[in-house]
Amino acid sequence: MAEAGVKLEESWKQALSGEFDSQYMQKLKGFLLAEKEAGKQIFPKGPEYFRALDLTPLNEVKVVILGQDPYHGPGQAHGLCFSVRPGVRIPPSLVNIYKELQSDLGVHPVKHGFLESWAKQGVLLLNSVLTVEQARAASHQGQGWETFTDAVIRAVNEQCDHVVFLLWGAYAQKKASFVDQRKHLVLKSAHPSPLSAHNGFFGNHHFSKANAFLISHGRDPIDWQLPDEV
């Protein structure tokens, strides 16, 4: 998986080297190859499977935001949870994230959904499952990605200090339930989806709380204001 056109940032490659040699990862690789050979369209593109890790080296992680699956529409997914490529309509959950950011920190909403500037500051935008078949939501669940991303979270938990985990919705909260809250800050709320945002996502103040925690431990806060143009 790490070969065949898929690159991986060095600190992650070292931390996760054992995962790539594992039986489950070989099985996952075989599954993805078979899907492609069957002519199925897989999102995101191969070089972007590990985009979240490439943009946010392990030793630079400050905040972890967990998503579930990549977007399954053409041109949307590019390897970061909640983020879409420039020019693509902003998904409803991200619209609500922008609303909470504005309410919490006065950050003005931008007209795009491209979140790479967060990733480059240390926000690990990690989906639990890193691939999906076009037009088939959750189609790659249970194929091994969850085991891999558990290892990613475990590496952050064990090797980093003073990281903020933003766990929105029951799925994310269960996935990161083992995080050591003696050294990390774990913030939980409802998911920003329109179906649940009014049940506690709005008004959670997670962004200001995250920055306050980082500052209190001598770390630079995140500039949550996205650039107007990308």
Side-chain angles (χ1 to χ4, degrees), residues 1-8 12 16 19-20 22-56 64-98 112-116 118-119 124-153 166-176 190-197 199 201:
M1 185 88 57
E3 65 275 8
V6 177
K7 67 182 178 68
L8 185 60
W12 286 111
L16 301 169
E19 304 302 312
F20 288 101
S22 67
Q23 191 173 357
Y24 85 84
M25 205 55 152
Q26 297 306 313
K27 187 177 175 185
L28 172 59
K29 184 177 177 181
F31 165 77
L32 292 169
L33 286 172
E35 292 288 281
K36 289 178 180 177
E37 287 170 2
K40 296 179 180 179
Q41 188 75 35
I42 306 299
F43 298 138
K45 298 180 294 187
E48 294 179 328
Y49 289 177
F50 304 113
R51 186 72 173 151
L53 304 180
D54 287 333
L55 287 175
T56 313
V64 177
I65 298 178
L66 291 181
Q68 196 160 348
D69 289 273
Y71 298 118
H72 56 83
Q76 290 182 301
H78 64 107
L80 305 181
C81 71
F82 293 107
S83 181
V84 291
R85 296 179 188 282
V88 175
R89 187 176 68 88
I90 303 172
S93 290
L94 186 53
V95 170
N96 286 337
I97 290 170
Y98 286 176
H112 63 82
F114 192 61
L115 305 182
E116 283 202 354
W118 292 356
L124 182 62
L125 295 164
L126 182 69
N127 275 318
S128 176
V129 177
L130 300 188
T131 57
V132 71
E133 181 185 340
Q134 178 173 330
R136 290 192 63 218
S139 50
H140 288 186
Q141 287 186 6
Q143 297 294 338
W145 279 128
E146 293 93 338
T147 304
F148 178 79
T149 51
D150 281 351
V152 171
I153 298 168
L166 303 185
L167 306 181
W168 300 331
Y171 184 92
Q173 290 163 23
K174 183 178 179 183
K175 185 170 179 68
H191 193 276
S193 159
L195 299 174
S196 57
N199 295 329
F201 177 79

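This structure is a prediction, so every number in the text was calculated from the model and none was measured. If you read the sequence from its start, that first residue is 1, and numbering goes on from there.
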When rounded to the nearest 0.5 angstrom, what distance separates [atom1] in [X] from [atom2] in [Y]?
X    : Y    : atom1 : atom2 : value
E133 : I42  : CD    : CD1   : 5.5 Å
F201 : I97  : CZ    : CD1   : 5.0 Å
S193 : L94  : OG    : CG    : 12.5 Å
R136 : Q41  : CZ    : CD    : 14.0 Å
H191 : N199 : NE2   : CG    : 13.0 Å

Is there a donor-acceptor pair closer than 3.5 Å between any side-chain N or O of [X] and the backbone N or O of [Y]?
X    : Y    : answer
Q26  : F20  : yes
Q143 : L28  : no
S196 : A190 : no
T149 : E146 : yes

Completion exercise
Checking L55, I153, V152 against L124 for side-chain contact (heavy atoms from CB on, under 4.5 Å), the one that qualifies is V152
Exercise for the section: Can you see which heavy atom on P44 is nearest to which on H78, and at what distance? Expected result: CB-CA, 4.0 Å
Practice task
Please report the shortest heavy-atom distance between Y24 and G144, naming the atom on each side.
Solution key: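 Closest approach of Y24 to G144: CE1-O, 3.3 Å.
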Practice task
Could you list the residues that satisfy ring pair (Phe, Tyr, Trp, His ring centres under 6.0 Å) with F31, not counting sequence neighbours?
Solution key: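 Ring pair (Phe, Tyr, Trp, His ring centres under 6.0 Å) list for F31, sorted by chain: H140.
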Under the rule for salt bridge (charged side-chain N to carboxylate O under 4.0 Å, His left out), what residues qualify as partners of [X], not counting sequence neighbours?
X   : result
E35 : K40
R89 : none
E19 : none
D54 : K7

Problem - Test item: F148 and L16 side chains (from C-beta on) under 4.5 Å apart, heavy atoms - result: yes
Practice task
State, with a plain yes or no, whether a side-chain heavy atom of E116 is found less than 4.5 Å away from one of S83.
Solution key: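 E116 vs S83: side chains apart.
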Exercise for the section: Might you work through the side-chain contact (heavy atoms from CB on, under 4.5 Å) test for L32 and W145, ending with a clear yes or no? Expected result: CA-CA 11 Å; L32 292 169; W145 279 128; 3.9 Å; yes
Distance-only donor-acceptor pairs under 3.5 Å for side chains of residues 65-72, two or more places apart:
{"unit_1": "D69", "atom_1": "OD2", "unit_2": "Q141", "atom_2": "NE2", "d": "2.7"}
{"unit_1": "Y71", "atom_1": "OH", "unit_2": "F82", "atom_2": "O", "d": "3.1"}

